[in-house]
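Everything below concerns the one structure shown next.
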Amino acid sequence: MLYEEAGPPGFGLPAALATAYGGDLGFISPCVYANFVTSLDGVVALGPEYPSSGSAISGREPADRFVMGLLRACADTILIGAGTLRATPRHLWTPDHVCPQAAPDFAELRRSLGRATRPQLVFVTASGDLPTEHPALQSGALVATTAVGARRLEGRLPPTCAILTAVEGSALRMADVLAALRVQGHTLVLTEGGPRLIGYLLGEGLLDELFLTASPVLAGRADTPRPGVVSGLELLPNRPVWTDLISARRQNSYLYLRYRLRTPRGRPALAN
């Protein structure tokens, strides 16, 4: 640990997790928090021709994968955008998938918090354009979509999946998605949904915290779009969203940063 603000919430992590993380971790519900790994030059995704590019940016650093698993283990729900689902064709958004060696400790944490065995997966798509053969969908998930998207997915989703909410038209507000989740008791939401989904959450003023791993690598940019944390939403200079640093940790040359967002502004709708 390099820095941590005084009096942060704590869940009372199992001893092995607290030792590995360098202290306790917790959230005040309701909370929507995001997790990204970024290169030193601000790249979080290498482009559509590079599946699972987060692993390339992180170098599959064990400590980063541990933090990813720990954040998943804390969550009621993991929120994923359709683009992220398509870009990671074999991924499973479970704590043990990214850090299997800590699986027993993650399970102990979830039991102590009264959580289900695994976080509830929620995939967001306004259009209904989902790779329905993806193993994460086969394992069971909720799909948040519009009435248009629901009609497109009719008869194509695995029987283990259900439609979370369907609204008329082609626009889907993230506030409606989160409200539907809270009705089901899901108040602690982790999003690994990609830069565009973060843009929608920020635009509606719904993101509370950001976990950012700074990887000691330069990614570079040429002709391939390589987004930063936020895509599809311009903030500076007219709509700045400022943050406060909650904690900073270091493992080797990697930095693990946690930020709390101050009050953002704007409420655009998800339209693709």
Side-chain angles (χ1 to χ4, degrees), residues 30 32 34-35 45 47-54 72 75-95 97-98 115-204 206-207 225 227 231-233 267-272:
V32 179
N35 183 36
E49 67 270 43
Y50 299 103
S52 303
S53 55
R72 291 177 181 181
D76 295 316
T77 300
I78 300 178
L79 196 65
I80 308 294
T84 299
L85 186 67
R86 289 190 292 268
T88 48
R90 292 179 296 277
H91 197 77
L92 298 175
W93 283 269
T94 62
H97 184 79
V98 289
R115 303 274 197 267
T117 303
R118 292 183 171 184
Q120 175 65 67
L121 295 184
V122 180
F123 296 101
V124 180
T125 171
S127 66
D129 181 15
L130 286 181
T132 54
E133 73 286 353
H134 195 290
L137 283 170
Q138 298 295 325
S139 298
L142 297 175
V143 177
T145 189
T146 61
V148 172
R151 286 192 290 271
R152 183 174 183 176
L153 288 166
E154 188 173 356
R156 296 179 57 235
L157 285 175
T160 50
C161 293
I163 299 293
L164 172 66
T165 180
V167 296
E168 292 302 326
S170 60
L172 182 64
R173 291 198 331 133
M174 295 308 302
D176 296 334
V177 175
L178 293 177
L181 287 173
R182 286 171 185 166
V183 167
Q184 298 190 12
H186 302 307
T187 60
L188 199 57
V189 179
L190 164 65
T191 176
E192 295 182 21
R196 187 162 291 275
L197 185 56
I198 292 298
Y200 293 130
L201 289 167
L202 282 170
E204 294 188 42
L206 298 172
L207 187 67
S231 181
L233 177 68
R267 295 190 176 276
L270 175 57
N272 58 8

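Counting begins at 1 with the first residue of the sequence. Excluded from the calculations below are hydrogen atoms, water molecules and symmetry mates; all remaining heavy atoms, backbone and side chain alike, are included.
Within the 4.5 Å cutoff, the side chain of Arg156 has no heavy atoms near those of the Leu130 side chain. In this structure, the side chains of Pro131 and Leu85 come closer than 4.5 Å at one or more pairs of heavy atoms. Contact check for Arg115 versus Leu188: side-chain heavy atoms found under the 4.5 Å cut-off. When side chains are defined from C-beta on, Val122 does not count as touching Val189, because their heavy atoms never get closer than 4.5 Å. Pro95 places a side-chain heavy atom less than 4.5 Å from the side chain of Pro119.
Here the side chain of Arg72 pairs a donor or acceptor atom with the backbone of Thr94 at under 3.5 angstrom. Side-chain atoms of Thr160 come within 3.5 Å of backbone N or O of Leu137 as a donor-acceptor pair.
For the atom pair Leu172 CG and Thr145 OG1, the distance stands at 6.5 Å (nearest 0.5 Å). Atom NE2 of His186 is separated from atom CZ of Arg182 by 12.5 Å, given to the nearest 0.5 angstrom. Atom CZ of Phe123 and atom CG of Leu157 lie 11.0 Å apart (nearest 0.5 Å). For the atom pair CZ of Arg118 and CD1 of Ile78, the computed distance is 10.5 Å after rounding to the nearest 0.5 Å. Within the model, atoms CD of Glu192 and CD1 of Ile198 stand 10.0 Å from one another, a figure rounded to the nearest 0.5 Å. Residue Thr165 holds its OG1 atom at 6.5 Å from CG of Asp176, rounded to the nearest 0.5 Å.
What you find for Leu153 and Gly128 is that their closest heavy atoms are CD2-O, 3.2 Å. Nearest heavy atoms, Thr146 versus Ala126: OG1-O, 2.6 Å. Shown here for Ser53 and Ala45, the closest heavy-atom pair between the two residues is OG-CA, 3.5 Å. Counting all heavy atoms, side chain and backbone alike, Pro89 lies closest to Pro135 at O-CD, 3.4 Å. The minimum heavy-atom distance linking Gly199 with Leu233 is given by the pair O-CD2, 3.3 Å. The heavy-atom pair separating Ala141 from Ala136 by the smallest distance is CB-O, 4.3 Å.
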Tell me, with the steps shown, if Thr125 and Arg152 meet side chain to side chain contact (heavy atoms under 4.5 Å, CB included). CA-CA 11 Å; Thr125 171; Arg152 183 174 183 176; over 6 Å; no
Test Leu197 against Met174 for side chain to side chain contact (heavy atoms under 4.5 Å, CB included), laying out the working first. CA-CA 9 Å; Leu197 185 56; Met174 295 308 302; 3.8 Å; yes
Stepwise, does the side chain to side chain contact (heavy atoms under 4.5 Å, CB included) test hold for Glu204 with Leu178? CA-CA 11 Å; Glu204 294 188 42; Leu178 293 177; over 6 Å; no
Show your reasoning for whether side chain to side chain contact (heavy atoms under 4.5 Å, CB included) applies to Gln184 and Leu142. CA-CA 12 Å; Gln184 298 190 12; Leu142 297 175; 3.8 Å; yes
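In terms of the side chain to side chain contact (heavy atoms under 4.5 Å, CB included) criterion, residue partners of Thr84 (sequence neighbours excluded) are, by chain and number, Ile80, Thr88, Trp93.
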